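Shown below is the structure under consideration.
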Amino acid sequence: MLANLNSPQREAVKYLDGPLLVLAGAGSGKTRVITRKIAYLVRDCGFDARHIAAITFTNKAAREMRERVGELLDSRQAKGMTISTFHSLGLSILRQEAKAIGYKPQFSVLDAADAQGILSDIIKTTDKATLRRAAALISNWKNALLTPDGAEKQAENEAEAQVARAYHSYQATLKAYQAMDFDDLIRLPVDLFRADGEARARWQGRLRYLLVDEYQDTNGAQYELMKLLAGSMGRFTAVGDDDQAIYAWRGADVENLRRLGEDYPTLKLIPLTQNYRSSRRILEAANRVIRHNSRLTDKNLWSELGHGDPIQVVDCKDDRHEAETVAVRIDAHRFQSRGRFADYAVLYRGNHQARVIEEALRAAKIPYILSGGQSFFDRAEIKDITAYLRLIANPDDDPAFIRAATTPRRGIGPSTLERLGHYAAERHASLFAALFEEGAKAALPGKQLHPLQEFGEFINRLAFSAQREPAGAVLDDLLGAIRYETWLYDSEDERAARSKWENVRDFVDWLSRKGSDEGKSLIELAQTVALMSLLEGRDEAEVDAVRLSTLHAAKGLEYPHVFLIGVEEEILPHRECLEGSRLEEERRLMYVGITRAQRGLTLTWCKRRKRGQEWLPCTPSRFLAELADGDSRRAGPELAPEDAKAAGKRRLADLKAMLGG
DNA sequence: TATGTCCTTTTTTTT
DNA sequence: AAAGGACATA
């Protein structure tokens, strides 16, 4: 387990005398340290896998780690190991301890959209920006472990106090729906462990060694949860890099790095500075940029890899031209190097930037995978189906009730729901419970009540069969009964309907398989669906396609050739983040982008961009100046359209060669 | 009262 | 492009 590690890596794997913080620079092999350490604990130190928990930042990272641990341990040794995100871990704690905090074990988990919907009913505003600000404020409070009362006390002005009061009723509403939002998945386990020493001891006994990845991106609540689980002995290894902290806007606090040293005076610190990923030019550029930040530690990454190709900076006419440039260059380069599409990634600051790139790649017939972006589970058709599942598992889930009752249309509209809502509020009951009450007959005219009751009985029937029949059969019944396919084709154009139906089929097949593989009922599946993503479950790695990703979503990944687009003032750094600590976070984002590249790095920016109706001139990002020192070189004359055509011909020849023609 | 059509607006990053 | 809102229609 200790072979092929450099000496600080080996030290990090072996160190078990107390709490450990590994300061791992980009590409310094931190995942390798974590996975090796897990295997070392099990194989060389006699740990039972059930006593080990590895905590990652995304589900995708968790999956990859599980895979890599699987290469080091056989399945018997790895059985029962916890490898998950903070949120998934919190969810499983809460499912088991629900009763202790006044929830039933089948509570629902709301996504951000549903949670915001509830909030908007509470603060009656039409202004979307206000709503977003309020939601963000409440989220920050939750991540700082502030209760509604606590928030109200320390509110700095009347507006904040108002939001604090909204926080109060928001929380009450969630409880009434037997629902939680994402932040609750961390906050509530912390509350539980603080109040209930027995539960805390139980979980500490169960998870005896913690490994926390991307530690710099933990927020106050997550840190607290980690401490409660690790106990006073500090049986953990935290791995992080302050230069890659890019989630402050979500409540993450780099201060947690410093706090770790204060809370655990015996904390051992091991820095990893040798980079195994990038060529020297790329690494030096990254170092030059990040030097402009005030930093906890001034670690300069170094590498034994060669100089590599010069970094390219390309100025483009506009975003269309930028997209075409990227497409043409990927195409030409791949042809010359006989490489794979999967060797290229296009990275950007905001999701909207992907659209033009997608168009250009489609036009050039270059396959691509959009990662980050909106997840499979955010798609309307998937949310439609999951609304039914949520409702079957938890009939008190009002947001799910509303969505399922109205899609597809079945004669239940806004005014019906409003009447029912009023009545339910009066009775302090959920919508579902209210519609079966005697009093509902008086509150609603028969014309409105009738379709509601029909719907309610339909859900009851499904819930009944979901308890005894396999998940797949129930799902097929459901889709047939609501005639979802027909409805899709009626309300969308053919192309959209087909792709949506395909997604639904994928989703349903996947659930059925999961149901029979793991012997889970539909109800059990429905309870975990909120935190999973189908795309993350698929073996994306196999597909030969260019990757498109936001900078945030690209963290932790690496690609032979990276195109970082839109390197302009007001984009990177973002217009809202032009000074102070926010600018520093933007610089770290740039740093993350640069250090994704192994061999090739191309930075592009546009001279003008369309904002609304008019063209506005753009200026290159200040980060370009920080990075440049004659190493990077300006691109030659812009590629003429003829080159694009030539590239097309080459592609054809290439394809023929591949087919053996 | 439910639903369909046309119009406006939208954008930071995500569990 | 796509979602949400205002207005029109059945």
Side-chain angles (χ1 to χ4, degrees), chain A residues 55-62 84-91 109-113 115 117 120 126-129 131-132 135-136 139 142-143 180-187 214 217-219 221-222 245-252 347-356 358-359 371-375 377-380 383 405-419 444-445 447-448 451 487 490-493 496 530-533 536 549-555 566 570-578 582 585-586 588-590 592-593 609-613:
Chain A
I55 303 173
T56 60
F57 198 63
T58 62
N59 287 313
K60 191 173 174 184
S84 69
T85 61
F86 268 111
H87 294 267
S88 308
L89 176 62
L91 180 64
V109 180
L110 303 183
D111 67 14
S120 76
T126 48
D127 181 19
K128 235 170 156 186
L131 182 62
R132 281 176 64 133
S139 177
K142 286 189 168 191
N143 289 331
M180 299 177 187
D181 64 17
F182 281 132
D183 298 324
D184 286 339
L185 298 179
I186 313 295
R187 192 182 61 99
E214 307 285 10
D217 284 324
T218 55
N219 62 39
Q222 288 166 334
I246 53 176
Y247 282 98
W249 53 272
R250 217 172 81 188
L347 308 181
Y348 36 82
R349 176 66 232 265
N351 271 314
H352 66 281
Q353 290 173 268
R355 209 170 54 222
V356 209
E358 279 190 86
E359 267 169 40
S371 56
Q374 125 246 43
S375 97
F377 275 75
D378 287 337
R379 299 194 174 172
K383 286 182 83 172
T406 54
T407 21
R409 304 258 109 102
R410 52 163 69 79
I412 299 171
S415 94
T416 305
L417 284 171
E418 206 190 323
R419 284 236 177 98
L444 291 126
K447 196 186 163 207
Q448 293 188 338
W487 181 76
D490 285 347
S491 47
E492 310 268 348
D493 67 81
L531 273 188
M532 299 185 292
S533 158
E536 286 170 1
S549 168
T550 62
L551 287 164
H552 284 89
K555 191 173 68 160
E570 314 235 307
I571 290 187
L572 184 63
H574 191 273
R575 147 160 45 78
E576 306 285 315
C577 313
L578 292 175
R582 309 188 97 195
E585 179 146 319
E586 297 295 301
R588 291 194 291 269
L589 212 41
M590 177 82 181
V592 166
R609 228 169 242 282
K610 211 166 193 175
R611 260 212 107 63
Q613 302 286 7

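This is a predicted model, so every value here is computed, not measured. Hydrogens, waters and symmetry mates are skipped; everything else that's a heavy atom, side chains included, is used.
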- [ ] Tell me which nucleotide among dT13(B), dT1(B), dT15(B) gets nearest to the side chain of H87(A).
- [x] dT15(B)
- [ ] Give R582(A) one of three labels, base, sugar-phosphate or nothing, depending on what nucleic acid heavy atoms sit under 4.0 Å from its own.
- [x]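 The answer is base, as R582(A) lies within the cut-off (heavy atoms under 4.0 Å) of a base atom.
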Open item on the list: Under 4.0 Å, counting only non-hydrogen atoms across every strand here, what does I412(A) touch: a base, just sugar-phosphate, or nothing?
Closed with: sugar-phosphate
TODO: State which of dT11(B), dT14(B), dT15(B) makes the closest approach to the side chain of H552(A).
DONE: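 Nucleotide nearest to H552(A)'s side chain: dT14(B).
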Open item on the list: Nearest whole Å is fine: how far is dA2(B) P from K447(A) NZ?
Closed with: 7 Å
- [ ] Counting heavy atoms from C-beta on, name the nucleotide in dA1(C), dA2(B), dT11(B) closest to the side chain of R132(A).
- [x]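 Of dA1(C), dA2(B), dT11(B), dT11(B) is nearest to the side chain of R132(A).
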Open item on the list: Considering every strand and a 4.0 Å limit on heavy-atom distances, what is the contact class for Q448(A): base, sugar-phosphate, or nothing?
Closed with: sugar-phosphate
Open item on the list: Any side-chain N or O of T550(A) below 4.0 angstrom from OP1/OP2 of dT14(B)?
Closed with: yes
TODO: Could you check whether R409(A) gets within reach of a base, just the sugar-phosphate, or nothing at all, counting any heavy atom under 4.0 Å?
DONE: sugar-phosphate
- [ ] Measure from CZ on R355(A) to P on dA2(C) and round the result to the nearest Å.
- [x]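 Distance, rounded to whole Å: 9 Å.
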- [ ] Under the salt bridge (Lys or Arg N to Asp or Glu O under 4.0 Å) rule, collect the residues that match up with R609(A), sequence neighbours excluded.
- [x]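 E322(A), E568(A).
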- [ ] Output the single nucleotide from dT14(B), dT1(B), dT11(B) whose closest atom is nearest the side chain of R419(A).
- [x] dT1(B)
Task: Of R410(A) and F86(A), the one whose closest DNA chain B nucleotide lies more 5' - done: R410(A)
- [ ] Just say parallel, tilted or perpendicular for the rings of H552(A) and W249(A), cut-offs at 30° and 60°.
- [x]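 H552(A) and W249(A): perpendicular rings.
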- [ ] Could you tell me whether the phosphate oxygens of dT14(B), OP1 or OP2, come under 4.0 Å of any side-chain nitrogen or oxygen in N351(A)?
- [x] yes
TODO: Cation-pi check, K555(A) to Y247(A): give yes when NZ or CZ is under 6.0 Å from the six-membered ring centre and within 45° of the ring axis, no otherwise.
DONE: no
Task: Cationic N near anionic O, under 4.0 Å, R355(A) to E358(A) - done: no
Task: Interatomic distance where CZ belongs to R250(A) and P belongs to dT14(B) [whole Å] - done: 9 Å
Open item on the list: Output the rounded distance in Å from CZ (R609(A)) to C1' (dT11(B)).
Closed with: 12 Å
Open item on the list: Show, in sequence, the C-alpha distance, side-chain angles and deciding distance for R588(A) and E585(A), and conclude whether the salt bridge (Lys or Arg N to Asp or Glu O under 4.0 Å) test is met.
Closed with: CA-CA 5 Å; R588(A) 291 194 291 269; E585(A) 179 146 319; 3.4 Å; yes
TODO: Using the side-chain hydrogen bond (donor to acceptor under 3.5 Å, both in side chains) rule, take S415(A) and Q448(A) through it: C-alpha gap first, then chi angles, then the decisive distance, then the call.
DONE: CA-CA 9 Å; S415(A) 94; Q448(A) 293 188 338; 3.2 Å; yes
Open item on the list: For T416(A) and D183(A), find the nucleotide of DNA chain B closest to each by heavy atoms; which residue's nucleotide sits nearer the 5' end?
Closed with: T416(A)
TODO: Check the distance between dT11(B)'s P and E570(A)'s CD and give it to me in whole angstrom.
DONE: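 Rounded to whole Å, this separation is 17 Å.
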Open item on the list: Rounded to whole Å, how long is the line connecting atom CD of E418(A) with atom P of dA2(B)?
Closed with: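 One finds 10 Å between P of dA2(B) and CD of E418(A), rounded.
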Task: Rounded distance in Å - CZ (R187(A)) to C1' (dT15(B)) - done: 16 Å
Task: P414(A), nearest nucleotide to its side chain (from dT14(B), dT15(B), dT3(B)) - done: dT3(B)
- [ ] Please state how far atom CG in L185(A) lies from atom P in dT14(B), giving the value in whole angstrom units.
- [x]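 Taking atom P of dT14(B) as the reference, CG of L185(A) is at 18 Å.
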